[in-house]
Chemist: 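Provided herewith is a single structure, encoded as structure tokens, for subsequent inquiry.
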Amino acid sequence: MRSKKKKKKKKRKKSILSDHEFVSIEQDDQFYFIAGYTEGGAPYGVMWEEYEAQSALALENRISEGESQMKELILSEHQLKDLIETYDMYMDGIEHFLNIDTGEIVMLNSFDKDDEDEALSEAIEEGFNEIYFRIPSRESHGGYMDMEDFADTVPNEKLRAKLFNVLSGGKKIFRRFKDTLSSDARELDRYYKFVESRNKERVLDWLESINVNLKVSDGNDIRRTSLDKPTTETRFKQD
């Protein structure tokens, strides 16, 4: 009976997090990350105390030792694009983790885990916040701000007015915004590039927050991505 009550509590906490923070990580009041359950139904994984201690230690190391202790991660252009697209992706029950040793993105299904998922959960638990870092998802308010900022850059007054009318309220704002832009293929394409640029900035900020220094290789040369990180003040103009 006790294990059933704990599972109900866990699911209720998970649902609240999903609604407000778009986080699908499986957790409860005791565990920050639940990797799985024993045969008796008891959860196991990373406890809140462990997570908070690891986070505090990582922050202390960054402050005291600076960039000398930053982990260098080299990704190809294609890998960086995959990382940005993963950041912009949200599916209930699906979590994505970045292996900062290899640059590999792994997907973990929180529902109906098979043997492969269980093995992956154990690997993530062992290297959690050291090798494997959960890739955050873009929050809804960030997406709304992107639409609002992009609408400001639309030169066509009628289209711009329609976009701000959509943003004024109602259901399915994201879908209606893109549907309104679809009347102008060039503006729709520009919007996708605008959002990708914003998401790239957020991904780079996240990597810095976990003490990772990203460099991108195009096959012939390696460059520091942080040098060409876009700013939130970027404005696009038509030719």
Side-chain angles (χ1 to χ4, degrees), residues 10-29 32-33 48 51-52 55 58-59 80-98 105 107-108 110 129 133-156 159-184 187-212 214 225-226 228-236:
K10 165 184 67 61
K11 289 181 180 179
R12 183 164 61 247
K13 180 72 173 290
K14 175 177 177 291
S15 175
I16 292 173
L17 285 171
S18 295
D19 287 341
H20 293 281
E21 296 180 23
F22 292 90
V23 175
S24 61
I25 189 169
E26 195 170 5
Q27 56 186 195
D28 62 15
D29 291 340
Y32 171 78
F33 169 60
W48 280 101
Y51 167 71
E52 290 170 356
S55 298
L59 178 60
L80 177 58
K81 186 175 180 64
D82 283 346
L83 180 57
I84 294 171
E85 290 177 352
T86 301
Y87 172 84
D88 198 34
M89 184 187 306
Y90 171 74
M91 293 183 289
D92 190 28
I94 301 295
E95 304 164 71
H96 293 89
F97 295 83
L98 174 66
I105 296 173
M107 182 179 72
L108 182 63
S110 298
N129 275 3
F133 288 80
R134 187 182 62 80
I135 301 172
S137 297
R138 182 182 66 167
E139 296 184 357
S140 60
H141 70 82
Y144 183 88
M145 289 177 60
D146 289 347
M147 292 188 294
E148 200 170 44
D149 289 344
F150 177 81
D152 268 335
T153 73
V154 174
N156 186 300
L159 178 57
R160 185 169 64 249
K162 289 181 180 179
L163 293 174
F164 275 110
N165 183 56
V166 169
L167 293 173
S168 65
K171 297 181 179 180
K172 299 181 178 179
I173 290 179
F174 287 85
R175 170 55 57 188
R176 287 164 49 218
F177 188 87
K178 287 189 286 187
D179 286 346
T180 302
L181 272 176
S182 65
S183 63
D184 189 324
E187 286 298 292
L188 181 61
D189 181 65
R190 193 167 67 83
Y191 169 69
Y192 287 135
K193 291 178 180 178
F194 182 90
V195 171
E196 182 179 2
S197 176
R198 287 291 181 86
N199 286 338
K200 179 181 179 181
E201 179 181 354
R202 294 176 181 119
V203 166
L204 294 179
D205 286 341
W206 169 65
L207 289 173
E208 289 179 4
S209 75
I210 62 173
N211 221 27
V212 171
L214 177 65
T225 306
S226 56
D228 58 357
K229 185 172 72 173
T231 66
T232 56
E233 298 302 318
T234 302
R235 288 293 180 267
F236 293 81

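Residues: numbered from 1 along the sequence shown.
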Chemist: I want to check something: taking the side chain as every heavy atom from C-beta on, are Met147 and Tyr191 in contact at a cut-off of under 4.5 Å?
Modeler: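 A side-chain contact exists here, since the closest heavy-atom pair is under 4.5 Å.
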Chemist: If you look only at distance, which donor and acceptor atoms sit under 3.5 Å apart when one is on a side chain in residues 159-174 and the other is two or more places apart or in another chain?
Modeler:
from	atom 1	to	atom 2	distance (Å)
Arg160	NH1	Val154	O	2.5
Ser168	OG	Asn165	O	2.5

Chemist: Quick check: do Arg134 and Glu95 have side-chain heavy atoms less than 4.5 Å from each other?
Modeler: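 Yes; the side chains approach each other to less than 4.5 Å.
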Chemist: Is there side-chain contact between Ile94 and Leu108, with heavy atoms separated by less than 4.5 Å?
Modeler: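 With C-beta onward as the side chain, the pair stays apart.
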Chemist: Would you call Leu181 and Phe150 a side-chain contact if the rule is heavy atoms closer than 4.5 Å?
Modeler: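 The answer is yes; the side chains approach within 4.5 Å.
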Chemist: Please find the pair of heavy atoms, one from Tyr87 and one from Pro136, that lie closest to each other, and give the distance.
Modeler: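 Result for this residue pair: CD1-O, 3.1 Å.
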Chemist: Rounded to the nearest 0.5 Å, what separation is found between the CG atom of Asn211 and the CG atom of Asn129?
Modeler: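 CG of Asn129 is found 12.0 Å from CG of Asn211.
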Chemist: What I want to find out is whether Arg190 reaches Asp184 closely enough, with some N-O distance under 4.0 Å, to be called a salt bridge.
Modeler: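 Salt bridge: no.
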Chemist: Ignoring hydrogens and geometry, is there a side-chain-to-backbone donor-acceptor pair from Ser197 to Lys193 under 3.5 Å?
Modeler: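 A pair under 3.5 Å: no.
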Chemist: Mind checking whether Asp179 and Arg175 have side chains closer than 4.5 Å, heavy atoms only?
Modeler: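 Result yes, sub-4.5 Å side-chain heavy-atom pair found.
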Chemist: Is the number of heavy atoms from other residues, nucleotides or ligands within 6.0 Å of CE (Met89) greater than 12?
Modeler: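 Above 12, so yes.
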Chemist: Could you tell me whether the side chain of Leu98 reaches within less than 4.5 Å of the side chain of Trp206, counting heavy atoms only?
Modeler: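 Side-chain contact under 4.5 Å: yes.
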Chemist: Would you compute the distance between atom NZ of Lys81 and atom CD of Glu85 and round it to the nearest 0.5 angstrom?
Modeler: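 Rounded to the nearest 0.5 Å, the NZ-CD separation comes to 5.0 Å.
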Chemist: Between Asp146 and Arg202, is there a salt bridge with N-O shorter than 4.0 Å?
Modeler: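 Asp146 and Arg202: salt-bridged.
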Chemist: Step by step, work out the side-chain contact (heavy atoms from CB on, under 4.5 Å) result for Tyr192 and Lys178.
Modeler: CA-CA 10 Å; Tyr192 287 135; Lys178 287 189 286 187; 3.7 Å; yes
Chemist: Out of curiosity, Leu83 CG to Leu207 CG, how far, rounded to the nearest 0.5 Å?
Modeler: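 These two atoms lie 6.0 Å from each other.
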Chemist: Under a 4.5 Å cut-off applied to non-hydrogen side-chain atoms, are Pro155 and Glu187 in contact?
Modeler: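 Touching, per the 4.5 Å side-chain cut-off.
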Chemist: Are Lys200 and Leu80 packed together at the side-chain level, in the sense that at least one heavy-atom pair is separated by less than 4.5 angstrom?
Modeler: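 Yes, side chains in contact.
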